[in-house]
There are 4 protein chains.
Amino acid sequence: MDLSKRQSEIINAAIKLIGEGGIQALTIKNLSIEIGVVESALYRHFKSKTDVLSALLDYIESIMDSNFNGVKDLKIDPFEKIEKLIDSQLKFFADTPSYAVVILSDGLYKNDKILYDKLFDIMKVSRSTFATIIEEGQKEGAIRNDVASDQIAFIILGSIRLNVNQWGLSGFSFDLQKKGKVIFHTLKTLIKNPSNNSQNLYNKK
Amino acid sequence: MDLSKRQSEIINAAIKLIGEGGIQALTIKNLSIEIGVVESALYRHFKSKTDVLSALLDYIESIMDSNFNGVKDLKIDPFEKIEKLIDSQLKFFADTPSYAVVILSDGLYKNDKILYDKLFDIMKVSRSTFATIIEEGQKEGAIRNDVASDQIAFIILGSIRLNVNQWGLSGFSFDLQKKGKVIFHTLKTLIKNPSNNSQNLYNKK
Amino acid sequence: MDLSKRQSEIINAAIKLIGEGGIQALTIKNLSIEIGVVESALYRHFKSKTDVLSALLDYIESIMDSNFNGVKDLKIDPFEKIEKLIDSQLKFFADTPSYAVVILSDGLYKNDKILYDKLFDIMKVSRSTFATIIEEGQKEGAIRNDVASDQIAFIILGSIRLNVNQWGLSGFSFDLQKKGKVIFHTLKTLIKNPSNNSQNLYNKK
Amino acid sequence: MDLSKRQSEIINAAIKLIGEGGIQALTIKNLSIEIGVVESALYRHFKSKTDVLSALLDYIESIMDSNFNGVKDLKIDPFEKIEKLIDSQLKFFADTPSYAVVILSDGLYKNDKILYDKLFDIMKVSRSTFATIIEEGQKEGAIRNDVASDQIAFIILGSIRLNVNQWGLSGFSFDLQKKGKVIFHTLKTLIKNPSNNSQNLYNKK
DNA sequence: TATGAATGAGAATTCATTCAT
DNA sequence: CATGAATGAATTCTCATTCAT
């Protein structure tokens, strides 16, 4: 799973290509043109196109993981955590729309169990990260307790994803993060504990 | 927009093919084999492959519309409406997974603005249908008023979509409608008006 | 060879199509669209596409013949005759560029002996018309006698044809008849009898 | 513009195919059969069919240019130059009729501006070559001065072209060069300076 | 006369992959 | 490590023509 220099180059080329022309622009030919070698040369570095996608998914997963970890253990309000989490994910996509394209291009991996599993994994990690934070919030009393934490996580994830989805359909034409803020506030209103008077254990000034 | 018998046949073949092998299985060749004619014969009925997909999307939209309309004006509780709406949509996909595949295969229509727009449209109608019902519910006092109706609609849609998405990724292996019920209950808990004591204006006998 | 009403309609449609999109636009499908029937309906009127082209060539030939005849027997100076002849032919093409396209699309008829022969015929008639007039001019002493009449005819024809040719290549963008005038004057200078002092037997004022 | 070995092979195959079956025989499939590879293999050497034709036209142009240059600067009588020029061009076509087919297949390149422009270019070079020689002849007093040099060039070109044309229509059945000689003599008679008594400045021994 | 449906042949091009050098 | 060449399977689409109704 450790990538050679050339392999990284290829993955970066893949990202660029997808960003420019969608998942369909990711062909061995385009890839080879992008990195300035001949098509067959790529097969020294990846044994197949599926392997390239697989590495790409690994790469995306690793970034997302580190995004998550950067937020998970902060000593802040659970809502702030959720907000930061959503924002960091959307920033991740906004900065490099290719990642969004890859994540949203499920249908394509139908035949490749490996790719499928990777995607599934990524989604599972997202969901459990949110679920954990929510559970904490519920324990603290900040988040309502009458719904299961992973149900809330599911709803958050669905909202984020639909946001990214529509952004993609629109040709990346609106401000993804800004829209994310709005969604977050809606979600916050819905899931915060209405009977909670012990506000702001964290940042009280 | 009225389909001939043969055109319907082709659309049905398309649905079957997509159900069996994903959007990638939808080729002119497969289509022609499926309906038992030669490839060029298809071009008498649709002028291009894009046209087939376009008609397919129209068809899906029309069914979804009629699903919506079958529920929208019922004299029932807004939550029951939402529940029925979600359920009818999920039933629609569960009965014919191809529809889910088509709906979720954005990214693949990259080149065809027409198809993109149709997809967008379908999503818009869904969202506004939910939004209308929610607004009604808010006026009645059944649904909380501190969040915008179309924000709630967005969240519902995102949740449904993620559900369908994961179902697709899983190879249609779990019970889509059952999972939908769970999601509905979560959503209901989140959005119902906590201070509402005028329950069941509708079906009390 | 007498065309029915429908047949004439088809020929006219063919002319229109060729004018708009070149000889490649002349397809059974386009033809049928143009006259507002279904493709197979055309086969009631012409037994094949070759037959359409054949009739088209006949039509062109008949117009050219009548152009020729309108000039041939006028009681005017041979040069005026030649000038009128050239001009009427160029006007014929300028008015309906399709005719030029058809005439210049030899290569296409390679497989159809019938079409080939027709084209050959058209050219032969042109050439002999010119040759006859030149011979007359030579007898009168207006045209030099040291070159064979059909050689001169050949050169005139070649010049006209090259003119039409370049006009076609240029996308019909220059004034064909105007350029024809220039060519005529060059030709006249070259072929007139230098020792002829009995000028203007015809139109002397 | 430098052709690889395989590219030359392909161009030669194209020439052969055109010679045998006209421009319509030039298909990727025929080409690939001719050189003994699979169709897709051609695309390693030319990126499209238009590219093949383009290279073919370049090739033709280069031969014609070298033909021209072989004659242009000879220290001979302008008429001899013209004669040699005509003859070398006709020999070029007579040896390889495909070249004639390609040159005469305008109308077929309707869609490809590039090819059109190349054809136009070839004609322009021919014409200006003739024009230059004629101008020289006019200065020397060998060629009559009462007509513009490029007008004469136009007429020569038209005559040559018509000759080649009819030869093509006839199925390459007559002796192209022989007919060319006749035409040349006619042209010579027409364009030589009648009042020139300083004959043969060049080869008098 | 016209329609609707289908045929069969062919055309250009794309793509992932393999292999000898 | 990289190149050049080739493969084979697919893909969308076009076109002239035929035939039953």
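Letters A, B, ... mirror the listed sequences (proteins, then strands); counts begin at 1.
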task: For the side chain of H45(A), starting at C-beta, report the closest nucleotide among dT12(F), dA2(F), dA12(E).
output: dA2(F)

task: Step through the shown structure and confirm whether more than 12 heavy atoms of other residues, nucleotides or ligands are within 6.0 Å of CZ on F46(A).
output: yes

- request: Measure the distance from CD on E9(A) to P on dC1(F) and round it to the nearest whole Å.
  value: 11 Å

Under-4.0 Å side-chain N/O to phosphate OP1/OP2 contact, K29(C) with dC15(F): no

- prompt: Just how far, in rounded Å, is P of dC15(E) from CG of L42(A)?
  reply: 14 Å

- request: Hey, which sits more toward the 5' end of DNA chain F by its nearest nucleotide, N30(B) or K47(B)?
  value: N30(B)

task: Rounded to the nearest 0.5 Å, what's the gap from CG on L53(C) to CD1 on I60(C)? Could you check?
output: 9.0 Å

message: Whole angstroms only, please: what is the NZ-C1' distance between K5(C) and dT1(E)?
response: 14 Å

- prompt: What distance, rounded to whole Å, do you find between the two C1' atoms, one in dT1(E) and one in dT21(F)?
  reply: 13 Å

- prompt: Distance only, no hydrogens: is a donor on one side chain within 3.5 Å (strictly under) of an acceptor on the other, for S98(C) and K16(C)?
  reply: no

task: Compare the minimum distances between each of dC13(F), dG4(E), dT12(F) and the side chain of S48(B), then state the nucleotide with the smallest one.
output: dC13(F)

- prompt: Using purine N1 to pyrimidine N3 plus N6-O4 or O6-N4 for Watson-Crick, or N1-O2 and O6-N3 for G-U wobble, both under 3.5 Å, which nucleotide pairs with dA9(F)?
  reply: dT14(E)

query: In terms of the nearest nucleotide of DNA chain E, which residue is placed more toward the 5' end: S40(B) or S40(A)?
result: S40(B)

query: Among the nucleotides dT3(E), dA2(F), dC15(F), which one has an atom lying closest to any side-chain atom of A41(A)?
result: dA2(F)

message: I need the CG-C1' distance between L26(D) and dA12(E), as an integer number of Å.
response: 12 Å

statement: Walking DNA chain E from its 5' end, the first of V37(B) and R6(C) to be reached, judged by nearest nucleotide, is R6(C)

- request: Provide, to the nearest angstrom, the distance between the CZ atom belonging to R44(D) and the C1' atom belonging to dC15(E).
  value: 11 Å

- request: Please determine if E39(A) and K29(A) form a salt bridge, counting it only when a charged side-chain N lies under 4.0 Å from a carboxylate O.
  value: no

- prompt: How long is the line joining CD1 of I35(A) and C1' of dC1(F), in whole Å?
  reply: 12 Å

message: Which nucleotide, if any, forms a Watson-Crick or G-U wobble pair with dT21(F), using both distances under 3.5 Å?
response: dA2(E)

message: Please pick, from dC19(E), dC1(F), dA12(E), the nucleotide with the shortest atom-to-atom distance to any side-chain atom of Y43(D).
response: dA12(E)

query: From I18(B) CD1 over to I23(B) CD1, what is the distance, rounded to the nearest 0.5 angstrom?
result: 4.0 Å

task: Go through dA5(F), dT3(F), dA12(E) for me and flag the one nearest to the I28(D) side chain.
output: dA12(E)

- line: Whole-Å distance, K49(D) NZ to dT14(E) P, equals 15 Å

field: Distance, rounded to the nearest Å, where I33(B) contributes CD1 and dA6(E) contributes P
entry: 16 Å

